[in-house]
Amino acid sequence: MPDRTVDKVVIIGGGPGGYESALVASQLGAEVTVVDTDGLGGSAVITDCVPSKTLIATSELMTEVAGAAELGVNFHDVEGDAATTLSVDLARVNTRVKALAAEQSVDIGRRLDRENVTVVRGRGRLDGPERVVVTAPDGSEQTLEAGAVLIATGASPRTLPSAQPDGERILTWEQVYDLTEVPSELIVVGSGVTGAEFASAYLALGIPVTLVSSRDRVLPGEDADASAVLEEVSKRRGMKVLSRSRMESVTRDGDVVTVTLTDGRSVQGSHCILALGSVPNTTDLGLEDAGVRLKDGGFVGVDRVSRTTARGVYAAGDCTGVLMLASVAAMQGRIAMYHFLGDAVAPLDLKKVASNVFTAPEIATVGWSQQAVDNGEITAEVVMLPLSGNPRAKMQGVRDGFVKLFCRPGTGIVVGGVVVGPRASELIHPVSLAVAESITADQLAATFTVYPSMSGSIAEAARRLHRV
Ligand SMILES: Cc1cc2nc3c(=O)[nH]c(=O)nc-3n(C[C@H](O)[C@H](O)[C@H](O)COP(=O)(O)OP(=O)(O)OC[C@H]3O[C@@H](n4cnc5c(N)ncnc54)[C@H](O)[C@@H]3O)c2cc1C
């Protein structure tokens, strides 16, 4: 029988869904074990968010430098001749990316150690709802008893039989950091967030990019005005965007990669990144035998406090498919721990989640969307203000982007917003705060902003929502 004197928690998966929950559970006095196979931090730290945003830090710099002449900055070589080309050392960039990810993973390990969380290296699976069997890399097994188990095993890149990565020229997003030479022609298949981010990043690094999109527009899940700005800017900077073009297969012949489309057309390049979405890591985990019901696509079904259908088994993060973001994974995991350990708990509220697409320009959103307003799911007043009129934007040579705010007609409470522009990920915060705390557009407008600042546009948009 499990020892009930101390709450024992076993977490399978060491990504943000797992390690953030471990910290909370330990803080609340539980005895916590994290079982992880691939390294603490999970895909978020080792292959997904951290590496991609580190790569994007280099592309942002390239974008800024490319715009330097307009601000009066010229580059010269030692003889004083004007520099005409800007190039990236991809091997160095990738070395930096991998080192930073590895350091972050080590930092997380140290933090867990300080908080008395036990980390067990190996693959975990349920043996009933209160027992986890761990297979270590050397094949040995150990069984851990638990009052609660949290499944936080994440997801993996989706591939197709007709589009198999080879790790050299046909790549998943996990494999791009092994590139040592700059692709001469890159094809990105998939125009969701991951595809759009990589296409935008590599374009900024000076690589010719073709984006293959099966939909009418890039980022079909985002605000339509925002994706129109991104598409316009990307095309202006030289990206080829093939809309309504569904990939049938990706093949390689020597140094040439061919993407064949379902309508018979084909595109050739030197490398291809597959960004076809993710599949949950939920096979061979003993889930269904333990009473955990899976949803379509193999995702773990959870309620808003992260409970599965098996008593004592919780799930968080990408394996639930609720909203594939590191921040949401972490919140789902924390909520599970608060719930199990009897702390105050507020169920997950997706309408308060701020998210960002790290393209150039960035697209940040929170709360209700334009689509929900247009569909009549919520009645809201909308104002959209281009950034081109903002004084700081003019000084910085920023012409693309906008601020959009949604507020309820009667109360004026801000219920959502979209920011498109450089560092939109930082600019969205006041809007998130307004949405989370039910602040009105008038209150947002009455809050001082620095002059001149991009955030001045948020206050100005709020002012335009004022009704007498
Ligand atoms: C390219 C890319 C960029 C992204 N950028 C961002 C971003 O900027 N911001 C953001 O919020 N989100 C971003 N995301 C999404 C984010 O990476 C995920 O939402 C996040 O990683 C989910 O965390 P998780 O804990 O559910 O899973 P993961 O981070 O995938 O961690 C799961 C861990 O569990 C381990 N595991 C799996 N099975 C077992 C088992 N049986 N036993 C033991 N361990 C196991 C895995 O090895 C892994 O280490 C990005 C995703 C991609 C693909």
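Order of appearance sets the numbers: ligands from 1, and atoms from 1 within every ligand. When reading the values below, keep in mind they use all heavy atoms of this one structure, side chains included, and skip hydrogens, waters and symmetry mates.
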Mind checking what makes side chain to side chain contact (heavy atoms under 4.5 Å, CB included) contact with Ala316, not counting sequence neighbours?
Leu150, Gln332
If you measure every N or O of [X] against every N or O of ligand 1, does any of those distances drop under 3.5 Å?
{"X": "Thr37", "value": "yes"}
{"X": "Ile12", "value": "no"}
{"X": "Thr47", "value": "no"}
{"X": "Trp173", "value": "no"}

Output yes when Arg252 and Glu168 qualify as a salt bridge under the 4.0 Å nitrogen-oxygen rule, no when they do not.
yes
[X] neighbourhood, listing ligand 1 atoms whose heavy-atom distance to it stays under 4.0 Å:
{"X": "Gly14", "result": "33 (C), 34 (O)"}
{"X": "Ser52", "result": "3 (C)"}
{"X": "Pro16", "result": "23 (O), 25 (O), 29 (O)"}

Among Val357, Asp48, Ile56, which one has a heavy atom closest to atom 51 (C) of ligand 1?
Asp48
Can you check which of Leu40, Thr172, Asp318, Val328 brings a heavy atom nearest to atom 22 (C) of ligand 1?
Asp318
Can you find a non-hydrogen atom of Tyr19 under 4.0 Å from ligand 1?
no
Is the closest heavy atom of Pro51 to ligand 1 under 4.0 Å?
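Under 4.0 Å: no for Pro51.
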Is ligand 1 under 4.0 Å from a heavy atom in the side chain of Thr194, in the backbone, in both, or in neither?
side chain
With a 4.0 Å heavy-atom cut-off (strictly under), which part of Cys49 contacts ligand 1: side chain, backbone, both or neither?
both
Within-4.5 Å side-chain heavy-atom neighbours: Lys404 and Asp225
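The answer is yes, as the side chains (C-beta and beyond) meet within the 4.5 Å cut-off.
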